Amino acid sequence: MPSSMPKPTPGPAAPALPAAALAVAPVPVNTPAPPPAQPSFPATPAVSSQVPWLAYGCLAASTSLIGSYVGLSKLLVAAFPVFLLAWLRFGMAAVIMAPWLVRTPGEMPLSRRTKGLLFLESFFGNFLFSLCLLFGVRHSSAVVAGVIMAGIPAAVALLSFVFLRERIGGRVLAGIALAVSGIAMVALHKQDGGTPQSGWGALLLLGAVLCEGSYVVIGKQLTQALSAKRISALINLWGLALVTPLGLWQALDFNFAAVEPKQWGLLLFYAVAASMVTVWLWMQGLRHVSAPKAGVFMVFLPISTAVIGVVFLNETMSGLQALAYGLALAGVVLATWPQRTSGPAAAPSSAPLSAPTAPE
């Protein structure tokens with residue numbers, strides 16, 4: 001029998017709670033609080049990633065090769081007049097480096113300032129340097145000439161400070177001081193290996209030192225705009241243009257038939273080494289190294305010059321001269337010894353070892 005009682009009417013539904021309210025709050029546990037955020041410091045790269053070893057190798061190879069033909073140039077000036085020798089050198093190199101004159105993709109056209117720097121680079125570094133060097137070694141021994149040329153680091157440091165406003169670090173200054181100390185020791189030494197010396201020879205070699213210092217400073221600016229190959233080819237062309245009148249003048253009265261085949265071979269080596277290989281190596285290294293530090297690598301020039309003089313030209317080297325070269329090498333080590341960049345000690349190294357090195 002159906003009940004006559006009325007069914008209860010359901011009341012209004014309770015409002016639904018948000019899902020977030022139904023979630024069970026986690027039970028707090030005794031876990032250490034996260035460490036406070038540390039300030040973000042630039043990662044300190046490993047020492048090896050900051051040292052442009054390849055650039056250092058290019059600079060050392062370039063100056064060592066220069067030193068080798070400084071000594072051998074004494075054999076060439078005995079066979080060729082100086083202006084004719086320079087003209088033949090630039091002419092041979094111009095033929096070999098003709099493909100390097102082509103502008104590389106992405107390279108900007110030559111500006112008026114760049115053209116002026118190319119001329120000055122060739123005038124001081126090729127033309128005037130070659131004349132001072134070739135005439136200077138004619139009146140000096142190869143050993144003493146090499147030690148005088150060790151003054152190039154000081155000239156580079158002075159010129160880069162005056163014209164480039166580059167800061168010279170304490171280590172680089174100490175390295176330069178060691179090279180200058182070696183020069184002073186040899187200047188006070190009376191033994192010169194039995195080769196007659198003259199004041200003109202010393203003055204010409206000092207002129208070559210200033211020319212080479214200018215070459216480094218101007219080259220540093222050119223490497224920011226042009227490739228090393230194109231710089232080498234263009235300044236060689238300027239050198240050829242500058243010396244052509246003097247070279248043709250001496251070629252008119254020169255007996256080319258009297259030159260021996262081995263002397264022609266030595267001249268070809270001189271042309272390739274002086275105008276092509278050494279310039280390319282130097283400009284490659286100079287891209288990544290400051291001018292004062294690059295100048296310290298000039299000490300490899302007198303060392304290799306002295307070795308050529310002793311081995312091939314029967315010159316002698318005293319113990320004091322050997323000590324001077326040891327001081328010069330110590331200057332290179334001091335100026336280029338790797339050191340970590342200044343920064344917080346707690347900052348870990350996170351830079352990969354193969355990261356490209358930024359120019360100094």
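Positions are given from 1, in the same order as the sequence printed here. For clarity, every value in this text was computed on a predicted model and none was experimentally measured. Atoms considered below: every heavy atom in the structure, side chains included; atoms not considered: hydrogens, waters and symmetry mates.
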Shortest non-hydrogen contact from [X] to [Y]?
X      : Y      : value
Val216 : Leu286 : O-CD2, 3.6 Å
Ala273 : Thr278 : O-OG1, 2.6 Å
Met283 : Ala228 : CB-CB, 3.6 Å
Ala93  : Ala271 : CB-O, 3.9 Å
Phe135 : Leu204 : CB-CD1, 3.5 Å

Roughly how far apart are [X] [atom1] and [Y] [atom2], rounded to 0.5 Å?
X      : Y      : atom1 : atom2 : value
Phe83  : Leu88  : CZ    : CG    : 13.5 Å
Ser122 : Tyr215 : OG    : OH    : 9.5 Å
Lys220 : Leu159 : NZ    : CG    : 15.5 Å
Phe90  : Phe127 : CZ    : CZ    : 8.5 Å
Ser160 : Gln221 : OG    : CD    : 11.0 Å
Ile218 : Phe124 : CD1   : CZ    : 6.0 Å

Quiz item: Is Phe269 atom CZ crowded by more than 12 heavy atoms from other residues, nucleotides or ligands, each under 6.0 Å away?
Solution: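 Check passes, neighbour count above 12.
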Can you say whether the rings of [X] and [Y] are parallel (under 30°), tilted (30 to 60°) or perpendicular (over 60°)?
X      : Y      : answer
Phe300 : Phe297 : parallel
Phe256 : Trp264 : parallel
Phe123 : Phe119 : parallel

Do [X] and [Y] meet the criterion of a side-chain donor-acceptor pair at a distance under 3.5 Å?
X      : Y      : result
Thr104 : Arg230 : no
Gln224 : Arg287 : no
Trp100 : Ser232 : no

According to a hydrophobic-cluster definition based on side-chain heavy atoms being under 4.5 Å apart (Ile, Leu, Val, Met, Phe, Trp, Tyr only), do [X] and [Y] belong together?
X      : Y      : value
Met92  : Leu266 : yes
Leu54  : Val279 : no
Ile235 : Val95  : no
Val311 : Leu75  : yes
Trp282 : Leu210 : no

Under 3.5 Å, side chain of [X] to main-chain N/O of [Y], donor-acceptor pair present?
X      : Y      : result
Lys229 : Trp280 : no
Glu107 : Ser227 : yes
Ser275 : Val272 : no

Quiz item: Should Gln263 and Leu267 be marked as a side-chain contact (heavy atoms from CB on, under 4.5 Å) after you check the CA-CA gap, both sets of side-chain angles, and the distance that decides it?
Solution: CA-CA 6 Å; Gln263 293 171 326; Leu267 175 59; over 6 Å; no
Quiz item: With a 4.5 Å heavy-atom cut-off, do Leu234 and Trp238 have their side chains touching?
Solution: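 They are not in side-chain contact.
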Exercise. Decide yes or no on side-chain contact (heavy atoms from CB on, under 4.5 Å) for Tyr270 and Leu85, but give the supporting numbers first.
Key: CA-CA 10 Å; Tyr270 175 55; Leu85 174 60; 4.2 Å; yes
Quiz item: Centres of the Phe80 and Phe254 rings: under 6.0 Å?
Solution: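 Centroid distance Phe80-Phe254: below 6.0 Å, so yes.
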Quiz prompt | Stepwise side-chain contact (heavy atoms from CB on, under 4.5 Å) check, Tyr56 with Lys293 | solution = CA-CA 10 Å; Tyr56 288 167; Lys293 186 176 290 187; 3.4 Å; yes
Exercise. Can you run down the salt bridge (Lys or Arg N to Asp or Glu O under 4.0 Å) pairs that involve residues 251-261, sequence neighbours left out, and say none if there aren't any?
Key: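 Qualifying pairs: Glu260-Lys262.
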Quiz item: Are Leu226 and Leu118 close enough, and set up right, to give a side-chain contact (heavy atoms from CB on, under 4.5 Å), and what steps lead you there?
Solution: CA-CA 10 Å; Leu226 300 174; Leu118 285 169; 4.1 Å; yes
